[in-house]
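For reference, the structure discussed in these notes is given below.
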Amino acid sequence: MNDRPESANSVSGTAAGPVVQTGAHYGDTYIGATPVRVPREIHPLTIEFVNRERERTRTRELLAHSDGTSGSKIVMLTGLPGVGKSATARHVAGELGAYPGGELFVDFAKLRGPDGAAVSDALADCLRSLGVQDKVMPSTLAGRAGLYQTWTSESPVLVLLDDVAEPAEVAPFVPKAPGSSVLVTSNRRLSELLLDEASVVEIAPLGDAAGSELMQAMCGVRRAEQEPAAMRELAGLCGGFPEMLRIMAAALREHPSLRVAELVEENHADGSQLTSPFNVAYRMLPAEPAGLYRRLGLLPVGEFDLELVRAVADAPARARRELVALLDAHFVVDDGNGRYRMHDLVRAHARACAERQDSAESRADAVRRIVRHCLHRAAFADLAMLGPGRLRITDHAELLAGQEQPFTGERAKQDATSWMDTERATLAAVLRSAVDGGLHREAWQLAEAMTALYVNRRYLLEWVAATDLGVRAAELDESPDAVARLRSFVSRAFTDLGELDRARAELDAALPVAQRLGRPRLLASVWELVGRYGDATGDGARATEAYGQALELFTAAEDLRGRAFVTYFLGCSQDADGGSRQALETLREALRLIREVPDERMAGRALTGIGAAHARLGEHHAATEALHEAISVLTAGEDHYYAAQAREKLAEVAAASGDVALQRENLRGALAVYESLGSPRVARVRAELAQLG
């Protein structure tokens, strides 16, 4: 029964737009169609680009949609590494005009690990760009692929998939909306894609004339007119690779008195057509930028920010000036937004120079600085994202002594999450470098810090890969507590992936180690995760037993946070297992403890659990009161996703008590939130509202 006072609203005067009457307002208001972000992720070129007219024209023709009703068109640009496939694709994308559904960009080079690209994680990135938020992100590849099809079904979308290695990396990203286009770049001819009616455009090295044109665009017509034959010969020695041509042009621009014929002669003297342009330009660098160039070649990734440059530089105060010299020489490209990039060919040359000129000790020291820099930043990000009360095996007081927290202020948590998300490919590559370089303690500490991102953003496959490396490093470091923590925690990733046998195996391996070590908080955490696994598999008895073990240990360790949260999970488990009366007592105790912590988000969730338990017992009035309070608490804290869950539960209670108005109000409130988050539950809630008429 709805015993709240009635209200009446009226509007007078003239309204120039839509007028909305609502009993309560939670989050954003949307009028009409479901809100969709329109991503524009394919950025314009910032480097000189000439020629390729034939390839560009052919690509545009193949992507043309004559009637706007056909399916997605797929065009694959193939060719050697460094030949200009990505630049050509981006140039074509800029010529196609705006796609109503937006433009998506996936760089598989960043996502690719030793076991291939993380397609599921890439889909999650695309869904985020379209407006789907992490709280409603499906955990499985199939779930994400299905939601992607839903979100790309209305308006044509342009998708650029860069550096694809396998046909399976393409299919999940093909939009459903007619008139969509997919541009693929790959070093291989992916024959299987041809069976899916994909078209192929070969990107060959630039010819001598086109190469001369590109160099002329970069170093001036006058220089080209003075030595036209030498310019064409130099372009030929560069093999038609744009990256090499740019480096040669930069050398000529930097040294106006240097004749093109002299460069040609030096290249002939080097004897290696593939690397000689880099050698010549490298010899022209001053000593300090040359040293930075060699150390950047030791980075395990080709993209980095200024802070990482400073970390690897011999003199951090001069790092920016030395980086500018490398930018001027075209060894490094400024991608904008504080990001810099070295082409794979350039990076390979820089690494070779380091191996020739720098001692093994010096190279190892550079790698150590890279690893330590990433570890410190990741540990600070972990603290900002999850707070100091989280169980960590890493001793932060020791690790971060003398270091300055980079994430401060009101947006510290958001800034830390954004940094870790942007750098996640770098962190994964640095983690592997740490393991390979024998920096075992730093490796498992980095793996532990990275879980702060994974538990929030659900990059499940990356989580598993990082944990595998972290466990190996912890074993080599003889740190069994880290092994137990990493193995038990990754069970959450395996559970979400549906690999329950693997989740159970990780817990079975971690539990005896934690028991042997006798660290109460660690063992309590493992038991908590055993309980979460029991809930996921429907084994209520196992979950209850595990939560009981965790509670006893958290209580003994005087860990109020752990005790409060486990009490909440236990209450939810009891309710799901049919013990709603007992669950009410447990959840009320959880609410009391949570308010002591305090944690308003968890308090709201506990109130939702209390309301759900009352509802199972048929106590509709008590359920309604608890759920109204939960919605109020969660909305005040801007935890709209959990508020929407409480609203759905309240709608169920209203339906059971015959209060159609309350049911409709809360379904509408939940729908507004789910639409703003991009939740898969939108369709179900809409259907329930439609049934109400």
Side-chain angles (χ1 to χ4, degrees), residues 1-11 18-32 34 135-136 540 568 571-588 590-591 603-637 639-677 679-693:
M1 178 178 179
N2 183 4
D3 54 3
R4 292 177 301 153
E6 294 184 359
S7 61
N9 297 322
S10 62
V11 176
V19 177
V20 179
Q21 177 175 318
T22 177
H25 179 225
Y26 301 95
D28 298 331
T29 297
Y30 298 96
I31 309 296
T34 300
K135 294 184 190 303
V136 297
Y568 163 73
C572 292
S573 182
Q574 290 169 340
D575 188 37
D577 207 35
S580 298
R581 184 62 63 191
Q582 183 182 14
L584 273 176
E585 295 180 11
T586 305
L587 288 166
R588 288 182 182 126
L591 180 60
R605 293 179 68 184
L607 284 162
T608 302
I610 290 170
H614 277 302
R616 282 182 184 270
L617 293 167
E619 299 167 354
H620 297 153
H621 181 74
T624 299
E625 286 188 342
L627 290 166
H628 272 305
E629 186 178 358
I631 293 166
S632 177
V633 169
L634 292 166
T635 303
D639 292 304
H640 297 300
Y641 172 67
Y642 291 115
Q645 290 183 328
R647 282 187 161 275
E648 275 202 273
K649 179 58 65 176
L650 183 53
E652 291 178 16
V653 175
S657 58
D659 191 339
V660 177
L662 183 61
Q663 181 185 7
R664 183 182 288 111
E665 175 192 329
N666 281 282
L667 286 175
R668 285 174 174 168
L671 178 61
V673 173
Y674 289 147
E675 285 180 336
S676 71
L677 298 174
S679 172
R681 294 196 62 79
V682 165
R684 179 177 296 183
V685 177
R686 278 181 177 164
E688 290 181 32
L689 277 168
Q691 288 179 354
L692 292 177

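By the 4.5 Å heavy-atom criterion applied to side chains, Y674 and Q645 are counted as neighbours. Taking the side chain as every heavy atom from C-beta outward, E675 and V685 never approach each other to under 4.5 Å. Looking only at side-chain heavy atoms (C-beta outward), L634 and H640 stay at 4.5 Å or farther from each other. When side chains are defined from C-beta on, L584 counts as touching L617, because their heavy atoms get closer than 4.5 Å.
Shown here are the salt bridge (charged side-chain N to carboxylate O under 4.0 Å, His left out) partners of R616, two or more places apart in sequence or in another chain: D575. The side-chain hydrogen bond (donor to acceptor under 3.5 Å, both in side chains) check on Y642 picks up nothing, with sequence neighbours excluded. Looking at residues two or more places apart in sequence or on another chain, you find a side-chain contact (heavy atoms from CB on, under 4.5 Å) between V633 and E600, L607, E629. Remark: R664 engages no residue in a salt bridge (charged side-chain N to carboxylate O under 4.0 Å, His left out) (not counting sequence neighbours). Applying the salt bridge (charged side-chain N to carboxylate O under 4.0 Å, His left out) rule to K649 yields the partners E652; only residues at least two apart in sequence or on another chain are considered.
Taken to the nearest 0.5 Å, the NE2 atom of H621 stands 7.5 Å off from the OG1 atom of T624. Distance CG/L627 to OG/S632: 12.5 Å, rounded to 0.5 Å. Taken from CZ in R668 to CG in L692, the straight-line distance is 9.0 Å, to the nearest 0.5 Å.
Across A583 and Q574, no two heavy atoms sit closer than the pair CA-OE1, 3.4 Å. H620 approaches V653 most closely through the heavy-atom pair O-CG1, 3.7 Å. The minimum heavy-atom distance between I610 and A626, with the atom names listed, is CG2-CB, 4.1 Å. G540 and S573 make their closest contact through O-OG, 4.3 Å (heavy atoms, listed as atom of the first residue, atom of the second, distance). What you find for V136 and Y641 is that their closest heavy atoms are CG1-CE1, 3.3 Å. For A630 against A646, the heavy-atom pair with the smallest separation is CB-CB, 4.3 Å.
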| Run the side chain to side chain contact (heavy atoms under 4.5 Å, CB included) check on L587 and C572 step by step: do they pass? | CA-CA 8 Å; L587 288 166; C572 292; 4.3 Å; yes
| request: Start with the C-alpha gap between E648 and V673, add the side-chain angles, then the distance that decides, and say whether side chain to side chain contact (heavy atoms under 4.5 Å, CB included) holds. | output: CA-CA 11 Å; E648 275 202 273; V673 173; over 6 Å; no
| message | I631 vs N666, test: side chain to side chain contact (heavy atoms under 4.5 Å, CB included). Steps then yes/no. | response | CA-CA 10 Å; I631 293 166; N666 281 282; 3.8 Å; yes
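Residue pairs meeting the salt bridge (charged side-chain N to carboxylate O under 4.0 Å, His left out) criterion with at least one member in residues 576-587, sequence neighbours excluded: R581-E619.
The main-chain N or O of A654 is found under 3.5 Å from a side-chain atom of S657 such that the two form a donor-acceptor pair.
Within 6.0 Å of CD in E688 there are more than 12 heavy atoms belonging to other residues, nucleotides or ligands.
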